[in-house]
Amino acid sequence: QQQVKQSPQSLIVQKGGISIINCAYENTAFDYFPWYQQFPGKGPALLIAIRPDVSEKKEGRFTISFNKSAKQFSLHIMDSQPGDSATYFCAASISPAGTASKLTFGTGTRLQVTL
Amino acid sequence: SQTIHQWPATLVQPVGSPLSLECTVEGTSNPNLYWYRQAAGRGLQLLFYSVGIGQISSEVPQNLSASRPQDRQFILSSKKLLLSDSGFYLCAWSGPRDGSYGYTFGSGTRLTVV
């Protein structure tokens with residue numbers, strides 16, 4: 001399985017600060033890069049996703065930055081709130097025609113936003 | 001709208017007992033279906049995926065099996081559970097082969113083998 005490396009493993013940010021989580025991948029054939037948010041005891045939920053033809057995508061306080069040449073992408077959470085405290089997973093997939101899209105996940109980042 | 005149901009939410013089973021976890025999807029047809037396992041404090045490992053009825057692909061050799069008896073039903077099974085089968089099992093679906101890549105996960109089953 002192709003690797004996606006995620007860092008940091010855990011992150012503590014003050015309320016109102018910026019949370020940054022980084023991921024790096026190896027397979028240049030990956031063509032879809034989503035981020036998932038998971039609360040304890042729940043399944044991951046899609047947060048935001050990007051394709052390699054754009055360098056940045058923003059949805060509300062969440063932004064993905066994508067560097068194709070460096071094979072890296074990151075999640076930025078602006079104005080972090082206590083409700084953002086969760087585990088975040090980056091992922092990547094190849095979607096060849098005629099078969100399933102198989103996501104490869106990073107190992108996750110546990111984010112804690114303090115008051 | 002599409003929904004995914006997964007049950008049971010929690011399960012405690014003795015070593016050597018059988019297992020059956022069920023996942024169903026509503027509001028879509030011909031979905032791609034997936035079973036993932038999440039070990040405590042770790043990422044998600046793809047176990048099985050299916051592109052259609054009776055079509056199962058296994059990603060890792062293990063003590064588990066999967067079946068898809070109906071278009072929107074995906075079942076994870078074991079004949080004899082091992083301690084190492086403990087974990088958080090997640091079912092997910094994605095769109096059919098039309099370029100929609102996003103996964104939607106179920107709420108998961110916490111399996112503890114004792």
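The figures here come from the full heavy-atom set of this structure, side chains too, leaving out hydrogens, waters and symmetry mates. Naming: A, B, ... by sequence-line order, numbering from 1 per chain.
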Engineer: Tell me whether L19(B) is reachable from V60(B) by hopping between hydrophobic residues (I, L, V, M, F, W, Y) whose side-chain heavy atoms are closer than 4.5 Å.
Structural biologist: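 Looking at the clustering, L19(B) is in the same group as V60(B).
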Engineer: Passes side chain to side chain contact (heavy atoms under 4.5 Å, CB included), Y36(B) versus L103(A)? Steps please.
Structural biologist: CA-CA 10 Å; Y36(B) 277 83; L103(A) 279 174; 3.7 Å; yes
Engineer: Any chance CD of Q14(A) has more than 12 other-residue heavy atoms, nucleotides or ligands included, within less than 6.0 Å?
Structural biologist: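 No, CD of Q14(A) has 12 or fewer neighbouring heavy atoms, counting only those of other groups under 6.0 Å.
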Engineer: Is it the backbone or the side chain of Q6(A) that comes under 4.5 Å from a heavy atom of chain B, or both, or neither?
Structural biologist: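 The answer is neither part of Q6(A).
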Engineer: Sub-4.5 Å heavy-atom contacts with chain A: which residues of residues 104-114 of chain B show up?
Structural biologist: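 So the qualifying residues are F105(B), G106(B), S107(B).
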Engineer: Could you tell me which residues in residues 41-50 of chain A have at least one non-hydrogen atom under 4.5 Å from a non-hydrogen atom of chain B, sorted by residue number?
Structural biologist: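 Residues of residues 41-50 of chain A touching chain B at under 4.5 Å: G41(A), K42(A), G43(A), P44(A), L46(A).
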Engineer: Which value, rounded to the nearest 0.5 Å, describes the distance between T104(A) atom OG1 and L44(B) atom CG?
Structural biologist: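 Going from the OG1 atom of T104(A) to the CG atom of L44(B) covers 11.0 Å.
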Engineer: So, taking the atom named CZ in F89(A) and the one named CD in Q38(B), what distance separates them when rounded to the nearest 0.5 Å?
Structural biologist: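 So the CZ of F89(A) and the CD of Q38(B) are separated by 4.5 Å.
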Engineer: Checking an interface table here. Which of residues 74-83 of chain B come within a heavy-atom distance under 4.5 Å of chain A?
Structural biologist: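 Hits under 4.5 Å: none found.
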Engineer: For a quick test of reading the model, state the closest non-hydrogen atom pair linking F88(B) to Q38(A) and the distance between them.
Structural biologist: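 What the structure gives for the nearest pair is CE2-NE2, 3.7 Å.
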Engineer: Linking I/L/V/M/F/W/Y whenever their side-chain heavy atoms sit closer than 4.5 Å, directly or via other members, would I20(A) and V4(A) fall into one cluster?
Structural biologist: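 No, I20(A) does not connect to V4(A) through the hydrophobic network.
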Engineer: Could you state whether F66(A) and V54(A) fall into the same hydrophobic cluster, counting links through intermediate Ile, Leu, Val, Met, Phe, Trp or Tyr residues with side-chain heavy atoms under 4.5 angstrom apart?
Structural biologist: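 Yes; tracing contacts between hydrophobic side chains, which count when under 4.5 Å, links both residues.
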Engineer: I53(B): which other cluster members, linking ILVMFWY side chains closer than 4.5 Å, directly or transitively?
Structural biologist: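 Besides I53(B), the cluster holds no residue at all.
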Engineer: Same cluster or not: are V15(B) and Y89(B) linked, directly or through other Ile, Leu, Val, Met, Phe, Trp or Tyr residues, by side-chain heavy atoms under 4.5 angstrom apart?
Structural biologist: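 Yes, it is one cluster - the side chains of V15(B) and Y89(B) are joined through contacts under 4.5 Å.
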